[in-house]
Amino acid sequence: MLKVGLVGIGFMGWIHYLAYQRSTGAKLCAFASRDAKKRSGDWRGIQGNFGPPSEAIDVSEMSVYETVDQLLNNPSIDVIDICLPPSMHVEVAIAALEAKKHVLCEKPLALRSVDADRIVAAAKKNDRQIMVAHVLPYMGPFAYAAEVVAAGTYGKPVGGMFKRVISNPDWIADFFNPETVGGPLIDLNVHDTHFICMLFGMPKKVTAIGRMAAPFGNFSPTAKFAHVCYEFDDPNLCVASTGGVIDGPGRPFTHGFELQLEEALIQFELAAFLDGCETMPLKVVTKDRNIIRPTLTIADDVTAFESEIEDMVESIRTGTVARKLDARFARDAIHLAECIQHSVMERQTISV
């Protein structure tokens with residue numbers, strides 16, 4: 001049984017906590033928080049946009065620390081699970097790896113690809129695994145698509161269109177700050193650049209058109225919304241994405257994809273409105289005109305995170321990081337976001 005220490009007792013920390021309660025291969029044995037109330041087990045008041053409401057937890061059998069350094073000094077901990085704000089990922093991940101702990105880090109791995117490279121290098125230097133919790137490939141239709149591609153069920157992927165759009169997230173005061181959250185490309189659309197890298201590999205060029213957010217303080221503005229075309233070494237691959245922030249609070253969220261394979265087309269889309277959600281359910285349309293509506297495993301808001309932890313356990317057991325947790329894709333997704341940002345700002349194609 002892997003022993004896990006958690007840092008970052010906010011919304012994602014709460015969801016990870018719930019997932020560990022279901023795990024048979026990993027046990028959450030410790031956590032660190034500067035908040036005395038949270039150290040006492042009172043996690044009520046943690047806010048999020050999905051999942052069960054937060055509660056008070058029993059900490060009587062857990063090791064509880066005020067600082068990350070104290071947690072890292074616990075020799076019994078095998079894995080550090082990082083759910084801190086993105087701007088803190090690099091420092092804590094490297095410190096954990098230097099302390100000879102494996103690391104599971106929430107996305108994005110870093111705010112800059114150069115810092116993601118530093119984390120990867122630290123993992124290699126210390127012979128430990130760095131795994132990145134990009135949850136999208138574990139979620140329903142996206143998990144199905146990833147598995148179909150991996151199995152080659154309908155041949156190779158030849159193209160796709162991916163969408164992820166939100167209304168203005170005014171509950172995150174510094175959402176557009178490139179030094180703390182990173183803006184839509186790093187915090188939101190990194191899900192899609194990560195998924196694209198997993199399915200198709202790394203593009204060689206990106207061409208984007210979009211609009212910029214207003215500057216945040218003294219920092220350079222971030223892209224607010226973008227349409228992106230990805231160019232690969234294979235000229236037959238046709239891949240595009242659309243995403244970012246719209247000023248339309250009546251539809252706070254939508255995501256979906258159309259994945260083109262040699263022998264089939266896979267489609268899915270969900271849109272949230274103030275009066276409920278509307279879905280175009282997952283469908284597979286084969287070349288011989290059959291329409292298949294796959295039955296997905298019934299899941300709740302924690303199931304995908306539970307699957308992440310199962311892959312983390314297996315990664316450490318076998319010594320080989322699961323594809324969905326592989327830091328190479330997480331790093332490349334950040335680099336793609338940087339290239340898209342430059343393309344929007346400069347109005348030209350950017351070599352990756």
Side-chain angles (χ1 to χ4, degrees), residues 1-93 95-96 99 101-108 131-135 138-139 166 169-175 177 180-182 187 252-253 299-310 312-313:
M1 176 76 74
L2 286 176
K3 295 182 178 180
V4 180
L6 176 66
V7 292
I9 312 303
F11 172 52
M12 290 314 305
W14 167 244
I15 297 297
H16 281 222
Y17 167 84
L18 294 174
Y20 283 113
Q21 305 316 298
R22 302 180 182 182
S23 176
T24 57
K27 182 178 180 181
L28 185 60
C29 297
F31 70 90
S33 175
R34 291 174 296 181
D35 188 326
K37 187 169 141 183
K38 288 178 179 175
R39 290 199 303 274
S40 74
D42 187 354
W43 289 16
R44 295 171 299 176
I46 295 174
Q47 299 293 322
N49 56 356
F50 66 85
S54 57
E55 302 172 353
I57 68 165
D58 181 5
V59 299
S60 61
E61 296 186 4
M62 301 176 73
S63 298
V64 180
Y65 302 100
E66 184 174 358
T67 70
V68 174
D69 286 343
Q70 291 169 342
L71 173 59
L72 295 182
N73 285 329
N74 183 334
S76 71
I77 297 299
D78 303 301
V79 185
I80 299 297
D81 184 333
I82 300 174
C83 292
L84 293 162
S87 61
M88 301 175 71
H89 287 182
V90 179
E91 178 184 353
V92 174
K101 313 294 186 185
H102 298 290
V103 171
L104 176 68
C105 183
E106 257 299 327
K107 70 86 198 166
M131 298 157 283
V132 188
H134 270 276
V135 75
Y138 292 94
M139 299 180 75
I166 59 172
D170 6 11
W171 66 91
I172 306 175
D174 54 348
F175 181 75
N177 186 339
T180 56
V181 178
D187 187 72
F253 175 72
D300 60 23
D301 288 336
V302 180
T303 303
F305 297 89
E306 180 186 359
S307 297
E308 275 185 333
I309 290 170
E310 290 172 359
M312 177 195 76
V313 171

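Because only heavy atoms are used, hydrogens play no part in the values below, and waters and symmetry mates are left out as well, while side chains stay in.
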Once rounded to the nearest 0.5 Å, what's the spacing between atom [atom1] of [X] and atom [atom2] of [Y]?
| X | Y | atom1 | atom2 | result |
| --- | --- | --- | --- | --- |
| Lys37 | Asp42 | NZ | CG | 4.5 Å |
| Cys29 | Leu71 | SG | CG | 10.5 Å |
| Phe305 | Ser307 | CZ | OG | 10.5 Å |
| Ile309 | Asp81 | CD1 | CG | 6.5 Å |
| Ser23 | Glu306 | OG | CD | 7.5 Å |
| Ile82 | Lys107 | CD1 | NZ | 15.0 Å |

4.5 Å side-chain heavy-atom contact, [X] and [Y]:
| X | Y | answer |
| --- | --- | --- |
| Pro85 | Thr180 | no |
| Asn73 | Gln70 | no |
| His16 | Glu106 | yes |
| Leu72 | Tyr65 | no |
| Phe175 | Asp170 | no |

Heavy-atom donor-acceptor pair, [X] side chain to [Y] backbone, under 3.5 Å:
| X | Y | value |
| --- | --- | --- |
| Ser63 | Ala30 | no |
| Trp43 | Lys38 | yes |
| His89 | Leu84 | yes |
| Asp78 | Leu2 | no |
| Glu308 | Val135 | yes |
| Lys101 | Ile77 | yes |
| Trp14 | Pro52 | yes |
| Arg39 | Arg34 | yes |

Tell me the closest heavy-atom pair linking [X] and [Y], and the distance in Å.
| X | Y | answer |
| --- | --- | --- |
| Met1 | Thr24 | CE-O, 3.4 Å |
| Gly41 | Val59 | CA-CG1, 3.7 Å |
| Gly45 | Ser54 | N-OG, 3.3 Å |
| Val4 | Ala26 | CG2-CB, 4.1 Å |
| Gly13 | Cys83 | N-CB, 3.7 Å |

*Could you walk me through whether Asp300 and Arg22 pass the salt bridge (Lys or Arg N to Asp or Glu O under 4.0 Å) test, one step at a time?*
CA-CA 13 Å; Asp300 60 23; Arg22 302 180 182 182; 2.6 Å; yes
*Run the side-chain contact (heavy atoms from CB on, under 4.5 Å) check on Asp35 and Ile9 step by step: do they pass?*
CA-CA 9 Å; Asp35 188 326; Ile9 312 303; over 6 Å; no
*Working for side-chain contact (heavy atoms from CB on, under 4.5 Å), residues Tyr20 and Lys27*: CA-CA 6 Å; Tyr20 283 113; Lys27 182 178 180 181; over 6 Å; no
*Apply side-chain contact (heavy atoms from CB on, under 4.5 Å) to the pair Met312 and Val79, showing each step before the final yes or no.*
CA-CA 9 Å; Met312 177 195 76; Val79 185; 3.8 Å; yes
*Evaluate the criterion side-chain contact (heavy atoms from CB on, under 4.5 Å) for residue pair Asp301 and Ile15; output intermediate values, then yes/no.*
CA-CA 9 Å; Asp301 288 336; Ile15 297 297; 5.8 Å; no
*Does atom CD of Glu91 have more than 12 heavy-atom neighbours, drawn from other residues, nucleotides or ligands, at distances under 6.0 Å?*
no
*Check against side chain to side chain donor-acceptor pair (under 3.5 Å), Asp69 and Thr67*: CA-CA 5 Å; Asp69 286 343; Thr67 70; 5.4 Å; no
